[in-house]
Protein chains: 2
Amino acid sequence: MSDIDELLSIRAAELYYEENQTQDEIGVILRLTRWKVGRLLASAKANGFIRIEIVHPRARRLPIERRLRESTGLTDAIVVSSAGVSSDAELQSRTAQAAADYLTSLRPIPRTLGISWGRTLHDVSLHLKQGWAPGVNVVQINGGVSLNQRTGTAASTAVTIAHKADGSATLLPSPAIFERLETKQAMEADRTVAGVLALARNAQAYVFSAGQADANSALVDSGYLTVEQIDELVSRGAVGDVVGRYIDANGRIVDPELNERTVGIQIDQLRRAPLTIAVISGNNKHAIARAVVRNGLCTVLVTDEDTANALLQEKDTP
Amino acid sequence: MSDIDELLSIRAAELYYEENQTQDEIGVILRLTRWKVGRLLASAKANGFIRIEIVHPRARRLPIERRLRESTGLTDAIVVSSAGVSSDAELQSRTAQAAADYLTSLRPIPRTLGISWGRTLHDVSLHLKQGWAPGVNVVQINGGVSLNQRTGTAASTAVTIAHKADGSATLLPSPAIFERLETKQAMEADRTVAGVLALARNAQAYVFSAGQADANSALVDSGYLTVEQIDELVSRGAVGDVVGRYIDANGRIVDPELNERTVGIQIDQLRRAPLTIAVISGNNKHAIARAVVRNGLCTVLVTDEDTANALLQEKDTP
DNA sequence: CGCACCTCTGCTCAGATGAGCAACAATGCC
DNA sequence: GGCATTGTTGCTCATCTGAGCAGAGGTGCG
């Protein structure tokens with residue numbers, strides 16, 4: 001397009017979008033026919049001079065969602081807008097809200113819902129509305145009775161989600177990781193625990209988050225792992241954890257021995273499930289989000305705009 | 001508006017603006033009539049959830065221009081968008097471009113145009129196109145033969161503007177400020193200088209910028225004033241200079257003695273002129289811009305979005 | 001120079017949209 | 001409960017807008 005037309009398209013856009021003039025009126029002002037004005041406006045849009053942004057905590061980015069679905073094979077993608085967000089916490093809250101909305105609108109409503117625990121899932125539980133579903137059995141899919149003062153948040157997440165759905169919660173009364181394999185096997189042999197695990201394996205849908213492998217991991221906070229252990233895992237290629245299990249960029253278990261001592265459903269069970277909803281948000285979680293999505297660990301991803309864009313860019317340069 | 005309607009309006013906006021769906025189609029998706037969708041879209045706009053921005057160096061902000069005109073009594077206001085600007089220099093370049101555009105479109109074309117000098121005016125001269133006007137006599141309205149190495153930029157600004165208009169430049173061959181009043185008076189008595197000053201006083205239009213009163217002032221750079229003198233002026237209320245004369249927030253000359261030693265047209269002559277175009281841009285020039293506009297020193301203001309917003313906010317809380 | 005080719009322009013026409021209106025529902029006040 | 005007031009809904013109609021098309025004008029090639 002010629003230089004003069006570019007300037008005209010900007011003048012037309014000012015009058016159209018900022019002054020609410022009709023294309024006809026703009027034509028009179030700029031001494032153009034209304035068809036020319038329409039074409040200038042279209043070219044301004046095509047050239048990206050017009051930026052339209054929806055500024056709202058609940059706003060989603062549908063075009064990015066579609067591109068994500070197309071490029072990753074996800075059955076669904078929910079991407080919240082990060083327009084006007086000042087902190088990571090706000091972004092995560094928005095994402096949790098979107099996950100709650102997604103759960104609420106799920107059809108058919110799952111009878112049993114497997115969930116992991118963590119800050120994100122807890123946030124999701126808080127955003128769900130009372131009566132979001134008519135009775136759901138919520139099952140914990142990985143161990144989480146905390147070793148330290150944060151006892152109970154894992155349980156409270158499950159209980160809250162179930163309570164708000166007028167349903168029931170089935171807790172997995174076990175630590176996330178055992179120190180000795182024998183203890184873990186003994187625990188799993190227990191009739192109650194085995195029953196919960198069987199229920200977890202047969203859940204119709206799963207909701208889980210994922211943690212970046214660093215010193216702020218919930219597993220460190222909860223006392224299951226030390227910072228040194230995380231460093232060791234990272235040096236062996238770990239990018240983060242999913243339901244308590246550390247994976248590398250290719251979705252493989254980093255430390256099989258550690259994995260054996262971890263209580264809960266296996267990564268492969270997630271991979272085989274028909275409906276697995278990953279809720280991952282925050283600027284430090286791009287790597288683990290990528291690992292989860294690329295390796296088919298989820299069928300639905302709920303995330304923020306920045307993480308989604310990071311995923312898309314990686315797809316462009318494989 | 002109800003909470004649920006707000007959320008619906010966001011969903012509608014996503015489909016309308018990001019997915020290019022028609023209001024009818026959105027109605028089917030959200031189970032609403034197309035009229036309801038239209039109203040939701042309108043309310044989303046009214047609530048400011050839809051932000052439309054024109055991203056282009058030549059983009060202007062017409063609504064702000066109008067509010068400026070209305071609240072200040074300016075006959076015209078040109079406000080350039082600061083969307084996507086990274087540096088003050090870029091913003092000033094955009095503003096200079098807009099000033100050049102404004103000059104080019106001026107009707108009737110002024111036969112004599114009085115100009116000051118400085119970085120901004122020089123920038124304007126560079127952005128003017130060859131043949132921007134069919135013959136204009138450009139007159140310098142304040143002294144400016146520089147005392148140091150920057151000799152000639154003042155003259156070159158006037159010459160460039162005149163040359164590009166296929167017109168002539170009349171230079172004021174005098175320093176900006178004399179050290180002794182007697183020398184200044186003797187200079188003004190000179191027939192040539194007196195003639196230039198008379199021409200300057202009778203110009204049909206003026207274009208000038210203004211400087212913030214600080215150590216970076218062009219008058220300091222050029223060696224006319226010391227940093228200490230500026231500090232003294234500031235302590236007496238000076239906010240900046242217009243055509244080489246320092247004024248306070250109320251538009252009054254801060255130091256009458258210094259003013260007497262300054263060569264060029266008086267502030268009052270600007271105030272009485274029918275067409276005076278001030279070009280003021282940059283985040284550090286809000287105070288001087290305010291002084292110029294509030295005290296009627298210009299009839300047309302060319303500025304940037306941030307400065308314009310600062311002026312408008314001040315108006316709200318008088 | 002003539003011809004084919006391409007771009008741009010102004011048009012018709014159908015689809016999309018906003019203004020205004022009457023009916024209706026909800027609310028608050030007696 | 002009766003009634004006025006206010007806000008909401010679905011509509012008609014006029015206007016606005018985009019798609020598609022025919023012709024004008026401009027360009028390059030033989």
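Everything numeric here is computed off the predicted structure, so don't read it as measured data. To find a chain, count down the sequence lines: A is the first, B the second, and so on, and within it residues start at 1.
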In B/S/- notation, 5' to 3', how is nucleotides 7-22 of chain C contacted by protein heavy atoms closer than 4.0 Å?
-> --BBBBB--SBB----
List in chain and number order the residues that pass side-chain hydrogen bond (donor to acceptor under 3.5 Å, both in side chains) with B/Lys164, two or more places apart in sequence or in another chain; answer none if no residue qualifies.
-> none
With sequence neighbours excluded, what pairs up with A/Asp101 under the side chain to side chain contact (heavy atoms under 4.5 Å, CB included) test?
-> A/Arg58, A/Gln97, B/Arg11
A/Arg51 meets the salt bridge (charged side-chain N to carboxylate O under 4.0 Å, His left out) criterion, sequence neighbours left out, with B/Glu53
Report the residues that fulfil side chain to side chain contact (heavy atoms under 4.5 Å, CB included) with B/Ala203, sequence neighbours left out, ordered by chain and then residue number.
-> B/Thr112, B/Tyr206
Terminal axes of the helix from C/dC1-D/dG30 to C/dC30-D/dG1 (5 end pairs apiece), angle rounded to 10 degrees, sit apart by 20°
With sequence neighbours excluded, tell me which residues meet salt bridge (charged side-chain N to carboxylate O under 4.0 Å, His left out) with A/Glu70.
-> none
For residues 19-26 of chain B, which side-chain donor-acceptor pairs fall under 3.5 Å, sequence neighbours excluded?
{"from": "B/Glu19", "atom 1": "OE1", "to": "A/Arg66", "atom 2": "NH2", "distance (Å)": "2.7"}
{"from": "B/Thr22", "atom 1": "OG1", "to": "B/Asp24", "atom 2": "N", "distance (Å)": "2.9"}
{"from": "B/Glu25", "atom 1": "OE1", "to": "B/Thr22", "atom 2": "N", "distance (Å)": "2.8"}

Donor-acceptor pairs under 3.5 angstrom involving side-chain atoms of residues 301-308 of chain A: please list them, not counting sequence neighbours.
{"from": "A/Thr303", "atom 1": "OG1", "to": "A/Ile280", "atom 2": "O", "distance (Å)": "2.6"}
{"from": "A/Asp304", "atom 1": "OD1", "to": "A/Asp306", "atom 2": "N", "distance (Å)": "3.0"}
{"from": "A/Asp304", "atom 1": "OD1", "to": "A/Thr307", "atom 2": "N", "distance (Å)": "2.8"}
{"from": "A/Asp304", "atom 1": "OD1", "to": "A/Thr307", "atom 2": "OG1", "distance (Å)": "3.1"}
{"from": "A/Asp304", "atom 1": "OD2", "to": "A/Ser281", "atom 2": "OG", "distance (Å)": "3.0"}
{"from": "A/Asp304", "atom 1": "OD2", "to": "A/Gly282", "atom 2": "N", "distance (Å)": "2.9"}
{"from": "A/Asp304", "atom 1": "OD2", "to": "A/Thr307", "atom 2": "OG1", "distance (Å)": "2.9"}
{"from": "A/Glu305", "atom 1": "OE1", "to": "A/Ser82", "atom 2": "N", "distance (Å)": "2.8"}
{"from": "A/Glu305", "atom 1": "OE1", "to": "A/Ser82", "atom 2": "OG", "distance (Å)": "3.3"}
{"from": "A/Glu305", "atom 1": "OE2", "to": "A/Arg61", "atom 2": "NH1", "distance (Å)": "2.5"}
{"from": "A/Asp306", "atom 1": "OD1", "to": "A/Ser82", "atom 2": "OG", "distance (Å)": "3.4"}
{"from": "A/Thr307", "atom 1": "OG1", "to": "A/His286", "atom 2": "NE2", "distance (Å)": "3.4"}

